[in-house]
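Shown next, in structure tokens, is the structure this report addresses.
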Amino acid sequence: MNSLLLVILVCISVCAYVIASKRAQQLASANGGLRYLHSRPSYYGMLAAIVTALPALLILFVWSISSASIIQSLVMAGVPDSVLSDGTNHSLIYSQIQHVASGIKVTDHAWLINASAHYQHLLALGDNIKFAALIALAVAGLIFGWKLVGPKLRARPHVESVMRGFLLICSILAILTTFGIVLSVLFEAIRFFNIIPLTDFLFGLQWSPQVALRADQQGASGAFGFIPLLTGTLMISFIAMSIAAPIGLMSAIYLAEYASPRVRSICKPLLEVLAGIPTVVYGFFAALVVAPLIRDSATAIGIESVSSESALAAGLIMGVMIIPFVSSLSDDVITAVPQSLRDGALSLGATRSETIKSVVLPAALPGVVGGLLLAVSRAIGETMIVVMAAGLSANLTANPFESVTTITVQIVTLLIGDQEFDSPKTLAAFALGLSLFVVTLALNFVALRIVKKYREQYD
Amino acid sequence: ASRDYISIVGSSTVFPFATVVAERFGRTTAFAVPKIESTGSGGGLKLFCAGIGDKTPDITNASRKIKASEVELCAKNGVNDIVEIKIGYDGIVLANSKKAQQFQLSLRDVYNGVAKMVPDANGNLIENPYQTWQQVNPALPNIKIEVLGPPPTSGTRDAFAELALEGGCKTYPEIKALKKTDKQKYKAVCRSVREDGGYIEAGENDNLIVQKLAANPNAVGVFGFSFLEENADKVQPSIIKGIAPTFDSIGSGEYPISRSLFFYVKEDHKDTVPGLQEYVDAFTSKKAIGDEGYLTDRGLIPLAADEWKLVRSAGKSLTPNL
Amino acid sequence: MSEIIRAMPSPIMAKVKPKSSVHHRTDESRLTVGVPFIENPRMAVRDVNVFYDNGVKQAINHVSLDIGEREVLAMIGPSGCGKSTLLRCLNRMNDTVDGCRVTGSITLDGKDIYSKEQEIVELRSQVGMVFQRPNPFPKSIRDNITYGPKLHGLVEARADLDLLVEQSLTKAGLWNEVKDRLDTPATGLSGGQQQRLCIARTIAISPEVILMDEPCSALDPIATEVIEELIYDLKQQFSIVMVTHSMQQALRVSDRTAYFHLGDLIEVNSTQEVFHNPKHRLTTDYISGRFG
Amino acid sequence: MSEIIRAMPSPIMAKVKPKSSVHHRTDESRLTVGVPFIENPRMAVRDVNVFYDNGVKQAINHVSLDIGEREVLAMIGPSGCGKSTLLRCLNRMNDTVDGCRVTGSITLDGKDIYSKEQEIVELRSQVGMVFQRPNPFPKSIRDNITYGPKLHGLVEARADLDLLVEQSLTKAGLWNEVKDRLDTPATGLSGGQQQRLCIARTIAISPEVILMDEPCSALDPIATEVIEELIYDLKQQFSIVMVTHSMQQALRVSDRTAYFHLGDLIEVNSTQEVFHNPKHRLTTDYISGRFG
Amino acid sequence: MTDILNQIAKTKQQKVRASLAKRKAQESRFRYYGIISISAAILFLVVLLSAIVSQGYTAFYTTEIKLDISLDKETLDLAEGELTQQALFQADYSRVLREAIKQEIAISGRKERKALYSFISTGAEYDLRDMVVAQPSLLGQNLSYWAQAGDLFNQYNKGNVDASVEEGSRSFKNQQIGWYKQLANEGRVRTVFNRNFFTNGDSRDAELAGIWGATVGSFYTLLVCFLISFPIGVAAATYLEEFAPKNKWTEMIEININNLAAVPSIVFGLLGLAIFLNLADLPRSAPLVGGLVLSLMTLPTIIISSRAAIKAVPPSIKDAALGVGASKVQSVTHHVLPVAMPGMLTGTIIGMAQALGETAPLIMIGMVAFIVDVPQGPLDAATALPVQIYLWAENPEKGFAENTSAAIMVLLAFLAFMNTCAVLLRKRLERRW
Ligand SMILES: Nc1ncnc2c1ncn2[C@@H]1O[C@H](COP(=O)(O)OP(=O)(O)OP(=O)(O)O)[C@@H](O)[C@H]1O
Ligand SMILES: Nc1ncnc2c1ncn2[C@@H]1O[C@H](COP(=O)(O)OP(=O)(O)OP(=O)(O)O)[C@@H](O)[C@H]1O
Ligand SMILES: [Mg+2]
Ligand SMILES: [Mg+2]
Ligand SMILES: O=P([O-])([O-])[O-]
């Protein structure tokens, strides 16, 4: 129905475009050329098409949003008071009516049959009205658009302001959805903090969120201390960074300063392949290859109590994943150091490595640090590697051979099985999401500021 | 557009059976293959009871019987007509890696190893002090207590708490006495699981637990018998009260931690969701859950013949039986 | 004025054959007008060709030229004629350019700087360079000066370093302006001060020759004036080769001037001679403003 | 030569007060030396100030100047003196610069181009512009030429368009070089050809005035020569305002010359007069090469 | 005051030379660090890829067993009388196959029977059924039929079962190995290309499981993601870069968009759950929701890269257009956007490639179900490639290990394909000024 309507609307708009631009053309040639008109004929056409389609589309949009509730109130108005009065839930009754109408349910209550018939009738009526009204509106728009054509009409500026409006709406949409959606996490998180005090969450040392699902069940006590998760996350990120930072940085230096264009053109994309591999693949590799390997070799050199899901395994693999991230950011920053600084050092007789160490790196340092911070935020937010390779036990430990858990892992675990947002358990996922968001946001903010400052230095 | 496939949620223990049935059902009929999510019995029932209509599941699998509180929740949301189908038995096994020593446990050992509160020498309840199995029982190996088990959304967890923990708990007369005086406290003591790291909630995926056991010889896992069967090459069951979990010992009820498996169907959806009736029919058929049915190959312990007949008739007629 | 141009056939179009392929003027190098060779040169450039892009593009054609002691040699010519290229060959800064190749010979005090034995590090400590845009290191003023000497291990004692800083800055005419803030970042200085700092930095390693590539083109007239005075002072001690795009500047500061055109060295002679009595038609045209 | 400089105090340092805050020379605008106003001007600039950065920085101070019919007016002056800024005010290209504000009045044939009624699109079709670096659209040569006319609906018939392409390119002296490859990308042309294409593109919309901002500074001497000849031809039909950094070029092609200094219009007069008989001290210094 | 400069000049050459050896050693050491780092990274890539390939390539072929079957009505459990399509469809083909294999291998007892029956995949039944339904004339005939082998048999045949392991910890027992050898000696075992892997959806049987379902799921997800994020992203970037006034607000928006690009994907999964499933009441497990979630994630990436592409358009081109009298909107639509389009597309493809590899947010919105049927549209339940990998990786059966690796190979191939497209696009459309 809607798609047919859309097709018809498009057709009418195309008509509007064609006849309006034709008319403009005729006007122009009758009056000595296009200079007679304010704008090119196609702009008159576009304006007419906009006038035709835009109001109809807007009304269609409003209708789609509001029709459901209008119909609901109309249908509910027809339901006998006797049914409504005995304290039943209105929306339940309405869904019952809908089920009957769509055939899920069979019933012999007369009022229900009547109501569902009413419902179906309204639905059809609404569709017809919509259809007729929109087409009438479009045709009116077409006529209006055609009438508009004239030498005085500033068609181009009008069309252009519609286009700008469209662009503006898109950017507002992009920004608002992202914002609005962030707010909704905030909202759920606030619900969580209404149950569990913020301080308990932020400073608690114990994490045991699997509370009872039902009244008659014995779950965990519900300790929502965030610290063990934070330390676990930080430990894994730290291990990852201690792999990624030196390797990434040295790779970047080598590629930027030493490698021939040929080597560079081969190695750079190869490194970037590492970043392109889906993290679930790394997780798979970490869990099935690296973790047992670490365990075996640690036992071989006499370290006991090595967990099969050590922080080390997850951290190492995550480090490898982040290498290209560090290297490409550092590479950018290093190549952005002006050649003139290198020339300055070289012309004083510095060797290449001396130039790099004493001039290029210090100059690039803020940018490199910013890049590293971005990489850290990436590590903190990484999910699949840790879900598959790190553990679930919220140990508060500094031993990398033990298993730790991370914020992201807990978010996944908390929401599997139970997705009703009515217990601190499920809401805790949002609190964790929010804290993750805040932490990465803060890191990014700082990192971007540093990088930007650094860029400004040389622009 | 209304949904044209069956939507199933629920128990991870029943998941491997349900998927096999669903796949066969889809391949041998004109209906679509049902979509199955493993959410745990509790989680599944919660979703199931959220209401009727397209957006809610038609069936939930459960590795325990539905609780009165859940029936209430369903009713509150308009889910009144529920059909319960029992499909067979399952044992809850405690297992560890084949590379390690096999455990011989009593229910009391299990209780002392996993419970949150245990009685000390004087019978006072204290936070569980045991760190190694040997402290629980000198006959057990001297390794750290590290039990990987399911979270509260899981039916296995409920059954484990009721059968194993409470079973061990009851062996202390003073606690047993509590049942009469303070039922609430009794439950809290007997069914609470320790939270100091000895018991690790390993999520709904039993396969994952098995994988982790295989990699970590110190850990003990809690999961359904069928997973043991499939992974007999990697893990070994602990012997509980002198009885190993086997096909026969569970079927006969000899093995102490055995339970029934179920699924629940919304009768309301019978006429709307194509294939629902047929799916239930296929699941309850002799070919599937009979003595020689294909699910027994996957580790399902079949119902006794007369019990099956009852289930079969409920499945055929699909009349609400709760 | 424009009428005049129109009346005359354009000198360039008429006379200069367009630059074509590589090696196009193989044995015309001796065509350089004036006095390219002098007695006791510090550096001697002989029949040098420079190619870019792996030989695809020839930027310098068979240039031969001497650089004397304690003189300022100016290189002038229209944009793209190869002034910077030749200059950068003199301390092998062109080595850093991928695909750049140099043939012919360049000697410093008689030793071929392109020979295998030549250590580049050493060469650059002898032939210093000052660039078009001031490029102080993003460090303190003091560190900018001491960077080179420390690198080569020329000075060790702290006191010597201080002395060195003072003397270099004094020579560069910057001491009085910065003596109170030696430890502040060099990037905080004005453009002209920065350029003098770069000169001081170069002086600090006592090079024999200083190369300057349009050292004033990024500076305002006042700063230019100061640098020009400085160059006048420096030539008492160093040989200076300087590229400039301003004929006036060449006239003001240099002793000898070399005029380049599309990679050829057209004319070289004493500055007075070049400007007031040019021998080659192209030089005349350039100086009288027919092009450029 | 350098000795001379050393002997004389720098004229700049001594005489020119440094540019300070906004509005610093409010009523000195009449101080412009020479003949800023002429009879029957095409465009008239009256007491124009231009501010950048929301008024923080004043780039043009109270400039008044006429642009006559069929003449080439050259604007010269040291870097940063505001030549480009004033030029871009003439077709309101400065509107695109955030924070740029223009006061005073500029008229084209008596109509204020900064008035509310003025359609910018129309203004720019009357006052065309050629930029410093050639900037052809990344399209075919033909499309480059026809873009403007199509935009304004000047020409409809396909045949007319072809004719227009031919005539514009012919006027820009490019027809013979490109007539066989009108549909190849314009970016494949050499720099000089591109610049002529840009001129052809401007001619194609038949502007009344053509503004050129250093149109030759990115070109080699030969291409420059060609463009200069072209300008000579164009002035038979158009008014041309041209910014140049080369005094020689101004001398060669312009009828009148305006000399700017730090945002002030110092002197304007016939080119011969400005170069051979400058009235203002600053002009003299600039022309004699004391700075720049 | 000594003239230190003169002093330096005198001793310089000697001192420079003295320091040279050490400095040169330093230089080459530094260089080696760089080489070692790059080699380490690339080595890891090679190890990872070769581990995956060596484990996964066997999934591309599968095993079949030749059986002499007799399609008589009795074995098929077909009633006498009219043979409807329906009846043929529901006949008992497993019995036919089981009888056939029992003829080859003599067995006794339930245990052995089970062990032997596991040689034949349930997939063989369905294949046989489809064959008979398509060709009812086969009924009553005896023919030799290549039946799809069961998982363990298949694995053993492909050499993925280590027979030297002690029998107790191995699912494929010695007796079965004996039977295998017997069949192999009779020439009844062959290895063929595994079509199932590329045409099937998920399955509980490793030898039947395929990636087509997940591939189609990924396709719909990406399609939705593209249709939403590309137009909005490009329009937003155009507005912000070309039309928005440059002030504190736009700067703030820019910072926020940059930050959003680095928000962990799992947070977007949370959002999807809260907004699209719980608030907007969209169906669970649907590619539509997956696409929406991923588009929120890619939107900032697309906006950022599109802005960069627009910024990279030389302003001289805009000036040129304005200079001949084009309006701002015209200069943007006629010149800026066409020139920036390759850059925008490249950024979009890269964003899409990232989205293709995302797992965590899809898990949050229920795209982790067991789904056998290939989805027919964006509202059908589906999984996606990386989620399928995740699911398979946790399956205990041996056959899924190779399936997992093979699925990874396929996913990597897709990613490589997309990235190559991006590179080629950039190369092809990139213009030089
Ligand atoms: N790195 C390079 N690669 C390729 N060609 C180059 C390179 N550097 C310079 N050239 C070319 O070599 C020729 C000479 O350039 P050079 O920079 O030496 O000229 P110049 O006389 O210094 O000009 P200017 O006055 O503009 O600085 C020019 O044609 C230039 O394009
Ligand atoms: N967009 C801008 N924002 C702020 N200041 C500007 C801007 N454009 C130019 N200016 C300043 O205005 C003054 C005049 O600049 P303008 O570009 O007009 O000089 P010019 O005479 O054309 O110099 P050149 O010969 O270098 O082109 C300079 O001080 C310059 O820094
Ligand atoms: Mg140069
Ligand atoms: Mg300018
Ligand atoms: O997943 P469960 O079977 O333990 O509910």
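Each chain gets a letter, A, B and so on, in the order the sequences are listed, and its residues count up from 1.
Within the 4.5 Å cutoff, no side-chain heavy atoms of A/S171 are placed close to those of E/F243. Looking at A/L415 and E/L273, their side chains come closer than 4.5 Å, going by heavy atoms from C-beta outward. No side-chain heavy atom of A/V185 sits less than 4.5 Å from a side-chain heavy atom of E/F268. With a 4.5 Å cut-off on side-chain heavy atoms, A/I317 and E/F44 count as touching. Residues A/F285 and E/V47 have side chains in contact (heavy-atom distance under 4.5 Å, counting atoms from C-beta outward). Residues E/I266 and A/E382 fail the side-chain proximity criterion, which asks for heavy atoms closer than 4.5 Å. For the pair E/E358/A/M384, no side-chain contact is recorded, criterion being any heavy-atom separation below 4.5 Å from C-beta on. Side-chain contact between A/S353 and E/R31 is absent, with no heavy-atom pair separated by less than 4.5 Å.
Contact of A/I407 with chain E is not made at all, since no heavy-atom distance falls under 4.5 Å. If you measure heavy-atom distances from E/Q55 to chain A, the contacts under 4.5 Å come from the side chain alone. Of the two parts of E/L48, the backbone and the side chain both hold a non-hydrogen atom closer than 4.5 Å to a non-hydrogen atom of chain A. Residue contact with chain A, scored on non-hydrogen atoms closer than 4.5 Å, involves the backbone and the side chain of E/A274 alike. If you measure heavy-atom distances from E/L270 to chain A, the contacts under 4.5 Å come from both the backbone and the side chain. Of the two parts of A/P269, neither the backbone nor the side chain holds a non-hydrogen atom closer than 4.5 Å to a non-hydrogen atom of chain E. For A/V412, the parts lying near chain E are the backbone and the side chain together; criterion is any non-hydrogen pair under 4.5 Å. Looking at A/A350, the atoms closer than 4.5 Å to chain E (heavy atoms on both sides) all sit in the backbone: N, CA, C or O. If you measure heavy-atom distances from A/L173 to chain E, the contacts under 4.5 Å come from the side chain alone. When heavy atoms are compared at a cutoff of 4.5 Å, A/T408 approaches chain E by way of both its backbone and its side chain. With a 4.5 angstrom heavy-atom cutoff, E/E242 does not touch chain A via any of its atoms. The part of E/L415 that comes within reach of chain A is its side chain, from C-beta onward, which places non-hydrogen atoms under 4.5 angstrom from that chain. In this structure, the portion of A/F166 lying under 4.5 Å from any heavy atom of chain E is its side chain and not its backbone. In this structure, chain E has a heavy atom under 4.5 Å from the side chain of A/I253, while its backbone stays farther away. The contact between A/R164 and chain E is made by backbone and side chain atoms together, counting heavy-atom distances below 4.5 Å. Only the side chain of A/F284 has a heavy atom closer than 4.5 Å to any heavy atom of chain E. Both the backbone and the side chain of A/L441 come within contact range of chain E, judged by heavy atoms closer than 4.5 Å. Neither the backbone nor the side chain of E/L279 comes within contact range of chain A; no heavy atom of the residue lies under 4.5 Å from a heavy atom of that chain. In this structure, chain A has no heavy atom under 4.5 Å from any part of E/A353. Neither the backbone nor the side chain of E/L356 comes within less than 4.5 Å of any heavy atom in chain A. Using a 4.5 Å cut-off between heavy atoms, A/V387 contacts chain E through its side chain alone, with no backbone atom that close.
Environment of CZ in E/F414: sparse, with no more than 12 heavy atoms of neighbouring residues, nucleotides or ligands closer than 6.0 Å.
Annotation: maximal heavy-atom pairing with chain A below 4.5 Å, among E/T333, E/L49, E/N256, occurs at E/N256. Your options are E/M418, E/R29, E/Q330, and the one with the most heavy-atom pairs under 4.5 Å with chain A is E/Q330.
Put simply, the side chain of E/E27 never gets that close to the backbone of A/T351: no donor and acceptor are under 3.5 Å apart.
Shown are A/L271, A/I323, A/V273; of these, the side-chain contact (heavy atoms from CB on, under 4.5 Å) with E/L45 is made only by A/V273.
Taking every heavy atom of both residues into account, A/C267 and E/I38 meet most closely at SG-CG2, 4.0 Å. Of all non-hydrogen atoms in A/P278 and E/G357, the two that sit nearest each other are CB-O, 3.6 Å.
Under the 4.0 Å criterion applied to side-chain N and carboxylate O atoms, E/R23 and A/E354 are assigned as salt-bridge partners.
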Verdict with supporting geometry, A/M250 and E/I35, side-chain contact (heavy atoms from CB on, under 4.5 Å): CA-CA 8 Å; A/M250 279 313 291; E/I35 294 179; over 6 Å; no

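Qualifying side-chain contact (heavy atoms from CB on, under 4.5 Å) partners for A/I169, counting only residues two or more places apart in sequence or in other chains: none.
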